[in-house]
Amino acid sequence: MKIATWNVNSLKVRLLQVLQWLKDNPVDILCLQETKLTDEKFPLTEIEAAGYQAVFTGQKTYNGVAILAKETASDIVRNNPLFPDEQQRIVAATFGKIRIVCAYVPNGQSVGSDKYRYKIEWLRALRNWLEEEKKKYPYLALLGDYNIAPEDRDVYDPVAWAGNVLVSELERVAFRALLDIGLVDAFRLFEQPEKSYSWWDYRQLAFPRNRGLRLDHILLSGKLAFLCSACTIDRQPRKWKQPSDHTPVIAELDL
DNA sequence: ATGGCGGACATCGTCCGA
């Protein structure tokens with residue numbers, strides 16, 4: 001089976017691209033972030049017509065997450081039960097034996113800001129929740145926009161970015177804390193091209209210059225990592241007209 | 001040092017993202 005994640009930066013604007021991408025890449029599960037839609041505006045009809053079911057939680061203007069899947073979801077959870085949050089950033093569901101957690105980690109704005117503290121607290125609560133979830137669901141995958149470049153090799157210019165939000169030490173510690181509970185970065189299970197990124201700024205021709213960051217990740221529990229046969233970033237949709245600034249990340253599981 | 005691009009909005013300037 002194939003699972004994927006894509007921050008679409010408005011599902012309203014990107015719906016046709018999502019449907020086209022699913023036609024080209026008929027993955028079993030696609031996690032979306034930044035849908036920016038309230039639930040009553042979610043384009044369920046169009047998605048179902050494409051052969052997918054969906055679970056989602058959204059709000060106006062900001063955030064919003066969804067899981068599109070060919071199979072029916074069970075045990076749906078919206079947001080982290082350990083972290084009361086008005087912002088809709090997490091949806092989780094079970095498909096067969098696999099537990100999917102779709103997350104849109106806060107951006108953090110700038111190091112030391114209120115939003116940065118919120119990001120760190122949010123990540124700590126995510127870790128604490130998933131530590132328990134992993135015991136309940138040994139086949140667990142955490143997919144999403146983490147808004148963290150875990151290592152310098154995930155940054156086009158690590159010197160210029162040093163200490164900045166998205167790469168700061170505290171954020172990287174929070175990322176490694178997710179690895180510490182037994183999750184594995186699927187992308188790094190395999191040899192990868194150098195300068196592999198999943199996000200490029202819209203400005204200053206960042207994409208053609210490949211000035212990007214790897215912010216979107218698929219973390220797998222040990223049992224799933226053992227079954228993972230590939231993990232790739234699909235740069236193609238970033239070349240399309242009116243693209244999202246993020247591109248999809250895909251993992252293949254022998255499941 | 002600033003703004004740059006793109007999306008959304010009790011829009012037409014401003015906030016936010018990364």
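No experiment lies behind these values; they were computed from the predicted model shown. Labels below follow one simple rule: chain letters A, B, ... track the order of the sequence lines, proteins then strands, and each chain is numbered from 1.
A side-chain donor-acceptor contact under 3.5 Å links A:E34 and A:N7.
Within the 4.0 Å cut-off from OP1 or OP2 of B:dA10, at least one side-chain nitrogen or oxygen of A:K60 is found. Side-chain N/O atoms of A:R14 include one lying less than 4.0 angstrom from OP1 or OP2 on B:dG7. In this model, the phosphate group of B:dC15 is not approached by any side-chain N or O of A:T61 to a distance below 4.0 Å at OP1 or OP2. Dashed line: the shortest gap from a side-chain N or O of A:K36 to OP1 or OP2 of B:dC16 is not under 4.0 Å. For B:dC5, neither phosphate oxygen OP1 nor OP2 lies less than 4.0 angstrom from any side-chain nitrogen or oxygen of A:Q242.
Under the 4.0 Å criterion applied to side-chain N and carboxylate O atoms, A:K136 and A:E133 are assigned as salt-bridge partners.
Of the C1' atoms belonging to B:dT11 and B:dA1, the separation is 29 Å, rounded to the nearest Å. Of the C1' atoms belonging to B:dC12 and B:dG6, the separation is 16 Å, rounded to the nearest Å.
In this structure, A:S198 contributes its side chain and A:L215 its backbone to a donor-acceptor pair below 3.5 Å.
Backbone-only contact: A:N7 has heavy atoms under 4.0 Å from sugar-phosphate atoms and none from a base. Heavy atoms of A:F207 sit nowhere under 4.0 angstrom from any nucleic acid atom.
Comparing B:dC16, B:dA8, B:dG17 against the side chain of A:Y62 picks out B:dC16 as the nearest. Of the candidate nucleotides B:dG4, B:dG7, B:dA8, B:dG4 has the atom lying nearest to any side-chain atom of A:Q204.
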(Q) Could you walk me through whether A:Y156 and A:W161 satisfy the side chain to side chain donor-acceptor pair (under 3.5 Å) test, starting with their C-alpha distance in whole Å, then the side-chain angles of each, then the deciding distance to 0.1 Å, before giving a yes or no? (A) CA-CA 9 Å; A:Y156 69 91; A:W161 275 83; 3.2 Å; yes

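To the nearest angstrom, P of B:dC16 lies 17 Å from CG of A:D201.
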